[in-house]
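Note: hydrogens, waters and symmetry copies are ignored here, and every other heavy atom, side chains too, is used. Letters A, B, ... are given to chains in the order of the sequence lines, protein chains preceding strands, and every chain is numbered from 1.
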Amino acid sequence: MLQLQVLSQDPEWVKERLTIKNFKDVQLVDSILELHEQRKKYTFQYDETKALINAASKSIGQLMAKGAKAAAEEKKKEVEQLKKTLVSIEPLLSDVEKNLHDQLVQLPNLPAKEVPPGKTPEENVVVREGGNLPKLPEQALPHWELTKKYDIIDFELGTKITGSGFPVYKGKGAKLQRSLIQYFLDFNTAAGYQEIQPPLMVSEASAFGTGQLPDKEGQMYHATEDNFYLIPTSEVPLTNIYRDEMMKETSLPVKMTAFTPCFRREAGSYGKDVRGLNRLHQFDKVEIVQITHPDKSYETLDEMVKHVEKLLISLELPYRILRLCGGDMGFASAITYDFEVYSAAQEKWLEVSSVSNFETYQSNRMKVRFKDAEGKTKLVHTLNGSSLALPRILACLLENNQAAEGIHLPACLHEYFGSDVLM
RNA sequence: GGUGAGGUGGAUGAGUGGCUGAAAUCAGUAGUUUGCUAAACUGCCGUACGGGUUAAACUGUACCGCGGGUUCGAAUCCCGCCCUCACCGCCA
């Protein structure tokens, strides 16, 4: 949620920023400011009236104490009149307040100045590339054939147990998955991230806090009986740890990492994009989250991007880093870097991480604040990123490293997996 | 699922109708003093939205889990909801 203060300071600048994010309804800004003015007006009337009533009530108490019954009764009549005024203002005020809030939550976060304009993924900017594209053997197989060949993932079995998009990892496939998780967590904790095991279901309030609700309602699995949502990413429980908290400035930055399964309904997506491990309803992910001082968040963003990059380099996969254009960014993000790895047999880039700075957009909603040196209350900045999403990494490892004798694994995994080749 | 207790500021916790935006303690902060670390003492210290000011000072309203109600007046009384804790039941 944007801060009203930002809107009223420079509405034209806000509109310009919104346009970069490809947000159409910029006149919403004017409408919000208009409601803001109306609210001021009604609040003022309400406060004035209430002040008179409070003063009268006080004097009634004093008159009663003195035994001046008649005078007290006079005052009561006065209050009765004032209350009529109050009752007439109340619905106007609450109406304006509701509209104001409803409209304000419709505004996405403003893009940072580095964000390139653009509407589609084609307009994202490649900021860095690394690794070498592998030379695959003749008859190279896509990962969904490889998983069958080595009997490590069974998609049909998952369909039997649950439905499509819930694969079953078996034997060495399960172990490789576990090795990756272990390696990622170790890599993150070595960089100072505290490991957390959060709940996999969250309350409505938590889902609202990070911005999944109200606009991404249909993307989450909902346990209606208890009104819990299965997490689409551990960002939700991790960031909500600090919801409604007044933090100590000295406790910043907070660095957290977690491995969790993630659940996504992915309503409306099908076709070749969902083949194999490309898009699942349940998948594993290791996440990193930081909560920082507002002056430090861009430094932190940089640090997180480099961190994820190092991890990808260690996996020896060809990767590229994209700065997302305004139109392709998430609703709550101020700037986002996507990481993609090259899936050689499919001949396409797959997103495996997305690192974003939300600035105060989430913290304003969640009321995550701290007191600075002058004792002023300020909102923190929140950031998060994947390090990494497992299935697509697995897909690339399988495809890119396939050889006659088996799948060669990068050096960083040998110890975890207990072997340098999967056969 | 049953029964009981409870939700107050950054934290602990007092407060059962007007003197309470809220005691006290701790934390925080500014200062004084003791030649250091530390201790003692003194002042300040909730949030939001307004009015006011160059900026302050000053000032209005709301907020004691959430939403209603009673009353001239509610943290305090009544109703509904949510949550937490304890004990019992069930279960990993």
Check the pair Glu195(A), Thr189(A) against side-chain hydrogen bond (donor to acceptor under 3.5 Å, both in side chains), reporting the backbone distance first and the verdict last. CA-CA 7 Å; Glu195(A) 185 175 342; Thr189(A) 51; 5.4 Å; no
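Atom name P, nucleotides rC19(B) and rU25(B): the rounded distance is 22 Å, in whole Å. rG52(B) and rG46(B) have their P atoms separated by 24 Å, with the value rounded to a whole Å. Taking atom P in both rA5(B) and rA38(B), the straight-line distance is 48 Å, to the nearest Å. Annotation: rG89(B) and rA39(B) have their P atoms spaced 50 Å apart (nearest Å). Distance check on atom P: rA14(B) versus rG65(B) gives 14 Å, rounded to whole Å.
Comparing Thr43(A) and Met64(A) by the nucleotide of RNA chain B that holds the closest heavy atom to each, the one mapping nearer the 5' end is Thr43(A). Each of Leu52(A) and Thr377(A) was matched to the nucleotide of RNA chain B holding its nearest heavy atom; the match closer to the 5' end belongs to Thr377(A).
Note on ring orientation: taking the six-membered ring where Trp is involved, the planes of Tyr221(A) and His281(A) are perpendicular (angle over 60°, cut-offs 30° and 60°). Using a 30° and 60° split on the angle between ring planes, His307(A) and Phe187(A) fall in the tilted class, from 30° to 60°.
Pairing partner, rC45(B): none, since no Watson-Crick or wobble contact has both distances short of 3.5 Å.
Closest approach to the Phe44(A) side chain among rG50(B), rA62(B), rG73(B) is made by rG50(B) (side chain taken as heavy atoms from C-beta onward). Checked against rG10(B), rG50(B), rU61(B), the side chain of His36(A) finds its nearest nucleotide in rG50(B). Among the nucleotides rC72(B), rG10(B), rU61(B), the one closest to the side chain of Lys83(A) is rC72(B). Side-chain atoms of Ala51(A) lie closest to rU61(B) of the nucleotides rU61(B), rG50(B), rC72(B). Closest approach to the Lys248(A) side chain among rU61(B), rA27(B), rG50(B) is made by rA27(B) (side chain taken as heavy atoms from C-beta onward). Closest contact between the side chain of Lys50(A) and the listed nucleotides rG50(B), rC72(B), rA62(B) involves rA62(B). Listed nucleotides rU61(B), rG51(B), rC49(B) differ in distance to Tyr46(A); the shortest reach to its side chain belongs to rU61(B).
Of the N and O atoms on the side chains of Tyr319(A) and Glu309(A), at least one donor lies less than 3.5 Å from an acceptor on the other residue. At a cut-off of 3.5 Å, with distance as the only test, no side-chain donor of Asn364(A) or Gln3(A) sits close to an acceptor on the other residue.
No contact: Lys77(A) has no heavy atom under 4.0 Å from any strand. In this structure, Ala56(A) reaches neither bases nor backbone, as no heavy-atom distance under 4.0 Å exists between it and the strands shown. Lys75(A) comes within 4.0 angstrom of no nucleic acid atom, judged by non-hydrogen atoms across all strands.
In terms of phosphate contacts, Asn54(A) brings a side-chain nitrogen or oxygen within less than 4.0 Å of OP1 or OP2 of rU61(B).
Lys40(A) places its NZ atom 15 Å from the C1' atom of rG60(B), with the value rounded to the nearest Å.
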